[in-house]
Amino acid sequence: MIKVVLKYIIVWALICSVFSCQEEKNGLLVNNLEEFDQAVANIKPGETITMANGTWKDVELQLTGIGEDGKPIKLQAETPGKVIISGQSNLSFSGEFIEISGLVFKDGYTPTSAVISFRTDVDEVANNSRVTNCVIDGFSNPERFTGDHWVLMYGKNNRFDANSLIGKVNRGVTMAVKMDTEASQENHHIIENNYFGPRPVFGSNEGETLRIGTSHFSRLNSNTIIRNNYFDRVNGEHEIISSKACGNEFTNNVFFECQGTLTMRHGTNTLVENNYFLGNGKPNTGGIRIINEYQTVRKNYLAGLTGRRFRGALVIMNGVPNSPPNRYNQVVDSYMENNIVVNCDYIQLCAGSDEERSATPVGSTFKNNLILGNTNPNPFTIYDDVSGIEFSGNRMSEGLNPPFKEGFETVPLELTKNENGLLAPSSELVDRIEFGPIKLPVTKEEVGASYYPKREIQGSFGVGNKTTVAPGTNTLLHAIESSQSGDILILKNGGEYVMTKYALVNHPLTIQSEEGEKAVILSERQSFFRIQNGGALQFKNIVFDGASSPDQSGNNVITTTYSMNQNYALVIEDCEVKDLDKNHSFDFIKPAKYTFADSVIIVNSKFTNLTGSVLTLDMEVEDIGNYNAENIKIIGSTFTDVQHEIANVYRGGTDESTFGPIMTVKDIQVSNCGHGKRNSANATWRFHGVQDLEVNNVQLTNSKGMDLFMTVGEPITKLSNITFNNSEGLKTNNEPYEAENIVVKK
Ligand code: CA
């Protein structure tokens, strides 16, 4: 009997010791929120909570604990990357010495204002803590204009490293350092080795990727170090990074094809050093913008950047005299030195100079910069008095015009692709400014969560399978339903394709006729095509006919779904649109409010007899600059008997955070258009707040005219070769624009 008991005790002791070993190595394994909460309640320094692999849906994880230096409290995934947190979920934590790793947030969104928060309550912040090897991918609120943040850093001495943040599409800064209580000021955070993956153009303010501080606390130190991060096409708005506190350091980061700039928006004593900005000639790619005092920008490499105005490669702003915290402080004692600028289009000094922003830079320098290239012969724009900037030792290549003689020396244009694949000036020049090797400080492969792919967030046209679709009722509809991303549906010559239901499109899709006679698409519903989240449409050689549409007002051929958060694209090529005349206000393209197109392109197409409009992109009513499309092209097309507008593009308000709309109208014939009594624009073309507009070779006959309202910053407007034949002419709000050969014939 004693033997048996002894044996039992020994076995039990053995089990316990094995178990506690296990526990020490892998932590306490928790399988659900209840077990997680229990584990948190009892957590002690040096202990680890391990979340079991699998999908954790609808969980709000809250961790409070006091770890110790060298004995942190850890929260980890059983296997890094195998714990998927989905649905309406988030994570908040507070205390001391907490380390969180290996978690993936996807297929959902946060019900609160943050996905990962370094605090559990206003007064409960995390210090000396770390989030590493985690992922937030596409975890965006489905309502595009419902704002939230993916990461909010509070407290002090925290580190956010080797994480991947990919594809935020709803409103709100992707990651922010908050300083709203004393416990979060002078915080000395480190943000390093992260992958900031693609963020598409948001089409409104609040699409920044990283913000440090806010204007309210901007005169306090944050002292955050941001280093060795890779920013990959974060295009949300013109501030990639908005530094709004003092004492931050941005070093060794890479900005790959990002539309925007690293902006020292508020705060002083910022260091920006050895960052690489690679624009590759992509539109609106920018560099570094200085506002405020004691800023140092040195030894950065900027190449192929095309952005102008606030998005130039190097920008020094004008300030507002005695500026309130939320406006623009004067640039004082700031230095732009030893930078290499290769094939960049714009360097802007005293940018933003206007009646309000009249304080020019003082005590500042622009020294020893190497500016080489052949893209824009006049890269400098001087908006105001630059006598407060000392220019010396700069080198510019032949063919580029320096803004002054003094401080600039001309050197031969000598650029060679070096062993690191980057265009480098001669070593003599590079050595002169002690720049060191021209080499990316980090690569895309070296940053982000180790286990997670750096995925693309948008599909493309024409990359899938080709399928031929027989004419008939709903054949096209069924083909769309069973299509895959990037597929091409081929319609038969002259075939008739009737749809009795909405065609719902949720991936990029091409629909085209065989070469020759166009196939005809008709629909018995209010809309032919409804683009849903992720959808995009390309039509080639197709006829759209309104003959089968219902006899009700407000039909359309293409619409979008409220509320989708992803951008869409729409291409109409070699198409014919006719007899959209069932009842009044039958439009061709009528997107839903709060939806946003990366591009809408109409090429070589013919529109006849519409009771509505061709393209309405005027859904904004708030006048805060949340417009409906970034790039719009209407080229080589004819419009006859269109009762409402041909294009109505509206970007309201005076916000300066965005680039678009960018619009080209070229080689166009308009006759007998715009006369419908419900045409509220009272014009055939309405361009309101278009930022970059080119209209060339347009003939209007017996039609309503053009309404041009130029607003926000310095919109570029070029009008040429426009004839108003027995038509109403051009109305403008008397802002400057370029015009050539505008003819009005009665
Ligand atoms: Ca902004």
Side-chain angles (χ1 to χ4, degrees), residues 107 138 140-144 169-170 200 457-491 495-513 519-540 542-546 548-550 552 554-572 575 577 580 582 586-601 615-617 619 628-629:
D107 302 324
S140 299
N141 195 293
E143 298 277 348
R144 190 182 169 81
V169 289
N170 67 315
I457 59 161
Q458 277 168 311
S460 14
F461 291 124
V463 295
N465 299 318
K466 279 189 183 175
T467 309
T468 301
V469 184
T473 299
N474 288 339
T475 51
L476 175 59
L477 200 76
H478 294 143
I480 292 169
E481 281 166 4
S482 52
S483 67
Q484 304 285 321
S485 182
D487 278 0
I488 303 163
L489 305 181
I490 314 269
L491 310 191
E496 228 180 61
Y497 294 80
V498 182
M499 301 191 290
T500 66
K501 292 183 245 178
Y502 294 121
L504 306 177
V505 178
N506 46 36
H507 48 241
L509 191 62
T510 301
I511 299 173
Q512 65 183 74
S513 307
V520 184
I521 302 177
L522 305 103
S523 174
E524 296 179 1
R525 299 295 279 156
Q526 183 162 28
S527 305
F528 289 39
F529 296 92
R530 297 184 87 153
I531 295 176
Q532 297 184 308
N533 223 12
L537 273 168
Q538 180 180 40
F539 294 102
K540 289 183 193 174
I542 298 285
V543 174
F544 299 92
D545 189 330
S548 301
S549 295
Q552 60 187 41
N555 293 324
N556 55 59
V557 173
I558 300 159
T559 188
T560 57
T561 312
Y562 176 81
S563 157
M564 56 187 227
N565 58 19
Q566 293 185 48
N567 298 354
Y568 67 98
L570 189 52
V571 181
I572 314 292
C575 289
V577 178
L580 305 187
K582 284 289 174 65
F586 196 151
D587 298 323
F588 181 55
I589 299 169
K590 176 82 177 174
K593 187 169 159 59
Y594 291 145
T595 62
F596 189 76
D598 277 327
S599 57
V600 176
I601 298 171
L615 176 61
T616 52
L617 296 170
M619 270 63 80
N628 301 113

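Along the sequence shown, residues are numbered consecutively beginning with 1. Here the structure is a predicted model, which means the values were calculated and not measured. Basis for what follows: all heavy atoms, side chains included, without hydrogens, waters or symmetry-related copies.
Atoms OG and NE2, from Ser483 and His478 in turn, are 12.5 Å apart once rounded to the nearest 0.5 Å. Annotation: the span from Asn506 atom CG to Arg530 atom CZ amounts to 13.0 Å, rounded to 0.5 Å. Note: Gln532 CD to Thr595 OG1 = 12.5 Å, rounded to the nearest 0.5 Å. To the nearest 0.5 Å, atoms NE2 (His507) and OG (Ser460) are separated by 12.5 Å. Taking CD1 from Ile542 and CD from Gln512, the interatomic distance works out to 8.0 Å, rounded to the nearest 0.5 Å. In this structure, Ile531 CD1 and Gln566 CD are separated by 12.5 Å, a value rounded to the nearest 0.5 Å.
Using a 4.5 Å heavy-atom threshold, the side chains of Leu509 and Leu489 count as touching. With contacts defined as side-chain heavy-atom distances shorter than 4.5 Å, the pair Ile558/Ile572 qualifies. Looking at Pro550 and Asn555, their side chains come closer than 4.5 Å, going by heavy atoms from C-beta outward.
The main-chain N or O of Gly554 is found under 3.5 Å from a side-chain atom of Gln526 such that the two form a donor-acceptor pair. In this structure a side-chain-to-backbone donor-acceptor pair under 3.5 Å is present from Thr616 to Ile589. Under the 3.5 Å distance criterion, the side-chain polar atoms of Ser140 are matched with a main-chain donor or acceptor of Val169. When atom types are taken as modelled, the side chain of Ser548 and the backbone of Glu524 share no donor-acceptor pair closer than 3.5 angstrom. For the pair Asn628 (side chain) and Met619 (backbone), a donor-acceptor distance under 3.5 Å is present. Side-chain atoms of Thr560 come within 3.5 Å of backbone atoms of Ala592 as a donor-acceptor pair (strictly under, hydrogens ignored). Listed for the Asp545 side chain is no donor-acceptor partner under 3.5 Å among the backbone atoms of Val520.
Partners of Ser599 according to the side-chain contact (heavy atoms from CB on, under 4.5 Å) rule, which considers only residues two or more places apart in sequence or in another chain, are Ala569, Ile601, Asn631. Shown here are the side-chain contact (heavy atoms from CB on, under 4.5 Å) partners of Glu143, two or more places apart in sequence or in another chain: Asn141, Thr146, Tyr562, Ser563. Take Lys466 and apply the salt bridge (charged side-chain N to carboxylate O under 4.0 Å, His left out) test, not counting sequence neighbours, and it matches no residue. By the side-chain hydrogen bond (donor to acceptor under 3.5 Å, both in side chains) test, Asn565 is found to be paired with Asn533, residues two or more places apart in sequence or in another chain being considered. Applying the side-chain hydrogen bond (donor to acceptor under 3.5 Å, both in side chains) rule to Lys501 yields no partners; only residues at least two apart in sequence or on another chain are considered. The ring-ring contact (aromatic ring centres under 6.0 Å, His included) test applied to Phe539 returns Phe529, Phe544, not counting sequence neighbours. Residues satisfying the side-chain hydrogen bond (donor to acceptor under 3.5 Å, both in side chains) criterion with Asn474, sequence neighbours excluded, are Thr500. For Pro508, the side-chain contact (heavy atoms from CB on, under 4.5 Å) partners two or more places apart in sequence, or in a different chain, are Phe461, Ser485, Ala536. Residues forming a side-chain hydrogen bond (donor to acceptor under 3.5 Å, both in side chains) with Ser527 (at least two apart in sequence, or on another chain): Asn556. Applying the ring-ring contact (aromatic ring centres under 6.0 Å, His included) criterion to Tyr497, with sequence neighbours excluded, gives no partner residue. By the side-chain contact (heavy atoms from CB on, under 4.5 Å) test, Thr468 is found to be paired with Ile490, Lys492, residues two or more places apart in sequence or in another chain being considered.
Ser549 approaches Lys582 most closely through the heavy-atom pair O-NZ, 3.2 Å. The shortest heavy-atom contact between Gly462 and Thr510 is N-OG1, 3.9 Å. Summarising the geometry of Ile511 relative to Leu491, their closest heavy-atom pair is CG2-CD1, 3.9 Å, with the distance given to 0.1 Å. The two residues Leu617 and Pro591 make their nearest non-hydrogen contact at CD2-CG, 3.8 Å. The two residues Gly535 and Tyr568 make their nearest non-hydrogen contact at O-CB, 3.2 Å. Here the closest non-hydrogen pair linking Asp487 and Asn465 is OD1-N, 2.8 Å.
Both tests do not hold together for Arg144 against Tyr594: distance to the six-membered ring centre under 6.0 Å, angle to the ring axis within 45°.
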Quiz prompt | Val543 and Ile521: CA distance, side-chain angles, deciding distance, side-chain contact (heavy atoms from CB on, under 4.5 Å) verdict | solution = CA-CA 6 Å; Val543 174; Ile521 302 177; over 6 Å; no
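Within 6.0 Å of the CD atom in Gln552, the count of heavy atoms belonging to other residues, nucleotides or ligands exceeds 12.
Residue pairs that meet the salt bridge (charged side-chain N to carboxylate O under 4.0 Å, His left out) test with at least one member in residues 587-597, sequence neighbours left out, are Lys593-Glu622.
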